[in-house]
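Data block below; observations after.
Just the heavy atoms: all of them, side chains too, but no hydrogens, waters or symmetry mates, feed the values below. Quantities reported herein were computed from a predicted structural model and do not represent experimental measurements. Sequence lines set the chain letters: A, B, ... in the order given, protein chains first and strands last, and positions in each chain run from 1.
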2 protein chains.
Amino acid sequence: MQALKSAQTRARLIDATIRVLVRSGYSRTTTPQVASEAGLSRGAMLHHFDNGVSLIKATIMHLHERRLRAFRRAAERSAQDQGAMVRTYWKQIQKPAFIAFHELAVAARTNSDLATVLMPLQVEFRQRYNQLAVQLYPEWQAEPGTFALAMAVSQATMEGMAVNLLTGAMDASLVEPVLQSLENQLHALRPALPGDQCA
Amino acid sequence: MQALKSAQTRARLIDATIRVLVRSGYSRTTTPQVASEAGLSRGAMLHHFDNGVSLIKATIMHLHERRLRAFRRAAERSAQDQGAMVRTYWKQIQKPAFIAFHELAVAARTNSDLATVLMPLQVEFRQRYNQLAVQLYPEWQAEPGTFALAMAVSQATMEGMAVNLLTGAMDASLVEPVLQSLENQLHALRPALPGDQCA
DNA sequence: TAAAAAGCGGTCATGAATGTCTTTTTTTGT
DNA sequence: ACAAAAAAAGACATTCATGACCGCTTTTTA
């Protein structure tokens, strides 16, 4: 029973970390902030995570798991409705989890402690991403290069758009047209079928 | 003469700030770091900028000016070589200035001091961006909506790809194919000319 | 039931960044 | 050459995040 309670408290701390990351950004995310947000004393918090970096690392791994699960759900849903992949991923990207993950990814660029945790997860995500998608869309299997391209274009466009929205670099009214355009592009990239040369 | 020296010192401090932002990230960019990087004492630095936020604000404005100049050059070059816009912007995006600007843009999301400076500049950039591009590519003027879409797609895709490269979310071998695909997409978006329905 | 372990709260000293202030040095103008 | 102004350097107190340590309470276990 004490193991369960411990796990619950750890989860509470990680959730609090995500909220603080979204609200205050990485640079203002401090251990007192997280402890307060979780409704715990700082002393209790340091009992579950030896130091602040340890908490951030755990948060990174937690967000990674969530991202994998979210992508799996998105893939399953879009297996039924062929064109739903773009919309489903776009919905995922707008949740707080993505904002927090982006904050950590940016921080990891200049923090080797975080980078050693985050970089392998990024590689793993790409692998699973492609692996699952290929088995869901067998018509792509003949052209793995084109498939990887389609995935990269989707990821770069949607995540770039999400970041640009957050930083005011893009007008919100353009979101829908860009998504539509991306869907058209993905359609054009699909392996040629009989009578499909012209849009 | 003292005004010139003062301006030079200010420029040195701003350049130092950019280097520190690239090397250490926003969260570890401190006034002692910047002063040391600029080869000045902290006291001297605070003589030119009242406080740390003031220095960051000046850096934001400086990067904004550079971004406008860079875009202007890119536009002029791509006016001669029609398809060079993508490549030229991609080159710009990989420079340290973009990394520093991105760090500041992410920080501005949760820092109202920076946001009040950055947000209006983002709006101004979008306006000038479209303004200049429209006059360079007159064939788009009939379809301003499609043109804004093309710009948004380009910006989101390339900046998203740049960020994903920095954070390890994308494999570097996919850069070239994505750029190629983006060029194709832009070509497809161009106003229909006689005998241009099919790729 | 006693002992051990874990959850939790609180206190402490340390280190570092910040902004203000004062002092020294250099430059400028008369 | 000298006095005023500006640049540069340094000193200072304050604030705050951090990690370590100690004590209390509850739960598990022997």
Compile the donor-acceptor pairs under 3.5 Å between side chains in residues 40-48 of chain B and protein atoms, sequence neighbours left out, one pair per line.
| unit_1 | atom_1 | unit_2 | atom_2 | d |
| --- | --- | --- | --- | --- |
| B/S41 | OG | B/A44 | N | 3.1 |
| B/R42 | NH1 | B/T31 | OG1 | 3.0 |

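Remark: A/T9 is not in phosphate contact with C/dG7, judged by side-chain N or O atoms under 4.0 Å from OP1 or OP2.
Looking at residues two or more places apart in sequence or on another chain, you find no side chain to side chain contact (heavy atoms under 4.5 Å, CB included) involving A/P144. Applying the side chain to side chain contact (heavy atoms under 4.5 Å, CB included) test to A/T30 and every residue at least two apart in sequence or in another chain returns A/P32, A/Q33.
A salt bridge does not link A/E143 to A/R190: none of the charged side-chain nitrogens sits closer than 4.0 Å to a carboxylate oxygen.
To the nearest 0.5 Å, atom CZ of residue B/F101 and atom NE2 of residue B/H64 are 8.0 Å apart. Remark: B/L104 CG to B/I60 CD1 distance equals 5.0 Å, nearest 0.5 Å.
Identified under the side-chain hydrogen bond (donor to acceptor under 3.5 Å, both in side chains) test for residues 89-103 of chain B, with sequence neighbours left out: A/R109-B/E103, B/Y89-B/E159, B/W90-B/Q94.
Contacts between residues 40-55 of chain B and DNA chain C, defined by a heavy-atom separation below 4.0 Å, involve B/R42, B/L46, B/N51, B/G52, listed by number. Sorted by residue number, the members of residues 26-37 of chain A with any non-hydrogen atom under 4.0 Å from DNA chain D read A/T30, A/T31, A/P32.
The separation between B/Q8 atom CD and D/dA7 atom P is 12 Å, rounded to whole Å.
Residues B/V178 and A/L149 are in side-chain contact: their nearest non-hydrogen atoms beyond the backbone lie under 4.5 Å apart.
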